[in-house]
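Working notes, structure below.
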Amino acid sequence: MAVTPSEQIRVDIAGAPYDVRIAPGLIDRLGKEVRPFVRKDSLPIVTDVHVAAAWRPRVDAALGAAGITGHWLVLPAGESTKSWAFLAQVADFLIAHDIERRDRVLALGGGVIGDLTGFAASMVKRGCGFIQVPTTLLAQVDSSVGGKTAINTAAGKNLVGAFHQPALVLADPATLDTLPLREVRAGYAEVIKYGLIDDADFFDWCEVHGPALIAGDPQARVSAIARSVAAKARIVAADEKELTGVRALLNLGHTFGHALEAETGFSDRLLHGEGVALGMMLAARYSVRRGLMHGQDAQRLVAHLAAVGLPSSLGALNLGCTGQRLADHMLHDKKMDAGTLPFLLLRGIGQTFLAKDVDLADVAAFLDAELAR
Ligand code: NAD
Ligand code: GLY
């Protein structure tokens with residue numbers, strides 16, 4: 001029987017380097033993996049109800065084998081958990097656990113649990129440690145790496161947060177076996193993103209292997225997670241706090257995507273990754289409109305999104321709004337800089353760049369045309 005290889009990638013952040021380990025079966029070795037990072041025999045764990053239902057017994061057994069007892073905080077699942085109220089709950093839980101600065105809390109779950117727990121860890125005792133054990137494809141390829149942590153507020157998504165790097169990331173692709181297919185597809189949008197940013201060969205790879213990855217092929221999953229994490233590690237090491245424009249490339253599709261998420265109320269109507277898929281499609285088609293990119297390249301992206309079952313046009317959303325309304329959502333974007341909104345556009349597949357000359361009125365007109373397609 002072929003053994004699926006494992007991978008380890010160093011995220012080389014000055015003063016806070018850490019490893020991302022990727023291997024099927026890691027979850028059953030969790031105790032052994034975290035033991036060098038945990039000073040006490042009890043470990044606070046934050047998760048959500050879906051992940052706890054699927055993985056808590058295995059995690060408890062793996063920790064127990066290394067003499068560690070998990071102390072669990074199990075939160076409701078979903079984007080609304082990234083809130084002030086649950087941030088307070090996680091902080092109180094860590095304080096009740098007597099966590100010290102050099103201790104770690106384990107975030108077991110998707111991007112919601114990782115972002116929330118990481119943010120709480122950045123604040124409690126003015127900063128304590130955390131370990132990410134991402135259990136969605138999106139979290140394994142993106143959110144668990146790079147140290148962006150946040151909650152949402154009434155005014156929008158991720159508006160309050162901090163940069164706080166984890167001490168270790170353990171990504172077990174086998175945990176994706178219990179993830180709903182729609183969530184797997186949504187996470188895959190972030191995989192395609194790395195190909196579009198600066199790695200045309202990886203986009204070619206996605207076209208060939210994407211369907212197998214989504215269907216559960218372990219080798220394809222390890223390869224895609226490792227390649228995505230390596231890309232993210234490289235970008236984050238070059239620009240940890242998104243100051244030079246390099247890390248901003250990771251936001252490809254997010255400005256359009258966030259507008260769509262806002263219009264659909266950050267609800268199950270549109271998952272974050274689905275918003276990113278549509279956002280990348282719109283960034284590509286807008287780049288064609290601006291004469292920056294060949295229409296064939298945008299068509300290739302649209303075809304690949306459709307081939308893997310991701311949304312590839314606005315029509316299916318039945319938004320019933322104007323392009324101007326979507327553009328208005330963009331005014332709250334965190335990337336807004338002195339009244340202008342930088343946009344990630346493309347000159348081709350693997351050639352994303354930051355454009356600072358985009359006129360939101362033109363974007364609104366473009367979106368009107370897209371909504372009418
Ligand atoms: P999520 O955390 O809500 O997880 C999606 C769903 O899958 C939830 O219902 C969850 O309970 C369930 N789930 C998770 N793992 C499971 C498993 N193994 N088996 C069964 N069910 C499982 O969503 P997500 O897509 O992982 O993350 C989205 C969030 O990540 C958003 O809030 C977004 O803003 C954030 N994000 C952050 C970064 C970053 O750099 N920090 C990057 C991208 C996205
Ligand atoms: N997901 C975008 C970033 O980490 O910068």
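Order of listing sets the numbers, starting from 1, for every ligand and every atom in it. Side-chain atoms are counted along with the backbone in the values below, which use heavy atoms only and exclude waters and symmetry mates.
Ligand 1 has no nitrogen or oxygen under 3.5 angstrom from a nitrogen or oxygen of H272. For H254, no nitrogen or oxygen atom sits less than 3.5 Å from a nitrogen or oxygen atom of ligand 2, counting backbone and side chain alike. Residue-to-ligand polar distances keep E183 apart from ligand 1: every N/O pair is separated by 3.5 Å or more. Checked against a 3.5 angstrom limit, the closest N/O atoms of K193 and ligand 2 fall outside it. Ligand 1 has no nitrogen or oxygen under 3.5 angstrom from a nitrogen or oxygen of T149. Between G111 and ligand 1, an N or O atom pair is found at a separation short of 3.5 Å. Here's the thing with D115: one of its N/O atoms is less than 3.5 angstrom from an N/O atom of ligand 1.
Taking atom 9 (O) of ligand 1 as the reference point, the nearest protein heavy-atom neighbour is H50 ND1, 3.0 Å. Of the protein's non-hydrogen atoms, V112 CG2, 3.3 Å is the one closest to atom 3 (O) of ligand 1. Protein heavy atom in closest approach to atom 10 (C) of ligand 1: D48 OD2, 3.3 Å. In terms of protein heavy-atom proximity, atom 42 (C) of ligand 1 is nearest to S143 CB, 3.5 Å. The closest protein non-hydrogen atom to atom 7 (O) of ligand 1 is L179 CD1, 3.6 Å. Counting only heavy atoms of the protein, atom 28 (C) of ligand 1 lies nearest to L138 CD2, 3.9 Å. Atom 1 (N) of ligand 2 has D142 OD1, 3.2 Å as its closest protein atom, hydrogens excluded (heavy atom only). Here the protein heavy atom with the shortest distance to atom 4 (O) of ligand 1 is T136 CG2, 3.6 Å. In this structure, atom 40 (O) of ligand 1 lies nearest to the protein heavy atom K232 NZ, 3.5 Å.
Between F203 and Y194, the distance separating the two ring centers is not shorter than 6.0 angstrom. Aromatic rings from F266 and H272 are positioned such that their centres are separated by 6.0 Å or more. If you look at Y286 and F366, their ring centroids are closer than 6.0 Å.
Near A77, with a cut-off below 4.0 Å to any heavy atom, the atoms of ligand 1 are 9 (O), 11 (O). Listed by number with element, the atoms of ligand 1 under 4.0 angstrom from any heavy atom of K157 are 31 (C), 32 (O), 33 (C), 34 (O). The ligand atoms of ligand 1 that sit less than 4.0 angstrom from a heavy atom of T175 are 17 (C), 18 (N). For ligand 2, the atoms closer than 4.0 angstrom to any heavy atom of K148 are 2 (C), 3 (C), 4 (O), 5 (O). Listed by number with element, the atoms of ligand 1 under 4.0 Å from a non-hydrogen atom of D142 are 42 (C), 43 (C). Within ligand 1, counting atoms from 1 as listed, the ones closer than 4.0 Å to a heavy atom of N158 are 34 (O). Less than 4.0 angstrom separates some heavy atom of K82 from each of these atoms of ligand 1: 31 (C), 32 (O), 33 (C), 34 (O), 35 (C). Those atoms of ligand 1 that come under 4.0 Å of a heavy atom in W55, given as number and element, are 18 (N).
By the 30° and 60° cut-offs, the orientation of the rings of Y188 relative to H304 is perpendicular. Relative ring orientation between H97 and F93 is described as tilted, the plane-to-plane angle lying within the 30° to 60° band.
Ion pair E7/R21 not flagged as a salt bridge, since none of the NZ, NE, NH1 or NH2 atoms sits closer than 4.0 Å to an Asp/Glu carboxylate oxygen. Residues D177 and R221 are paired through a salt bridge, judged by an N-O separation under 4.0 Å between the basic side chain and the carboxylate. With respect to D297 and R285, no salt bridge is recorded, no charged nitrogen being found less than 4.0 Å from a carboxylate O. Between R58 and D28 there is a salt bridge, with a side-chain nitrogen of the basic residue lying less than 4.0 Å from a carboxylate oxygen of the acidic one.
The cationic atom of R347 (NZ for Lys, CZ for Arg) lies less than 6.0 Å from the six-membered ring centre of F353 and within 45° of the ring axis.
Atom 5 (O) of ligand 2 has its nearest heavy-atom neighbour, among K232, R247, K241, E190, in R247. Between V236, L250, L252, it is L250 that holds the heavy atom closest to atom 2 (C) of ligand 2.
Between the side chain of N251 and the backbone N or O of H254, no donor-acceptor pair lies under 3.5 Å. At distances below 3.5 Å, at least one donor-acceptor pair connects side-chain atoms of K125 with backbone N or O atoms of I99. Counting only distance, with no hydrogens or angles, the side chain of N152 and the backbone of S83 share no donor-acceptor pair below 3.5 Å.
L196 approaches T352 most closely through the heavy-atom pair O-OG1, 3.0 Å.
Residues forming a salt bridge (Lys or Arg N to Asp or Glu O under 4.0 Å) with K232 (at least two apart in sequence, or on another chain): D142.
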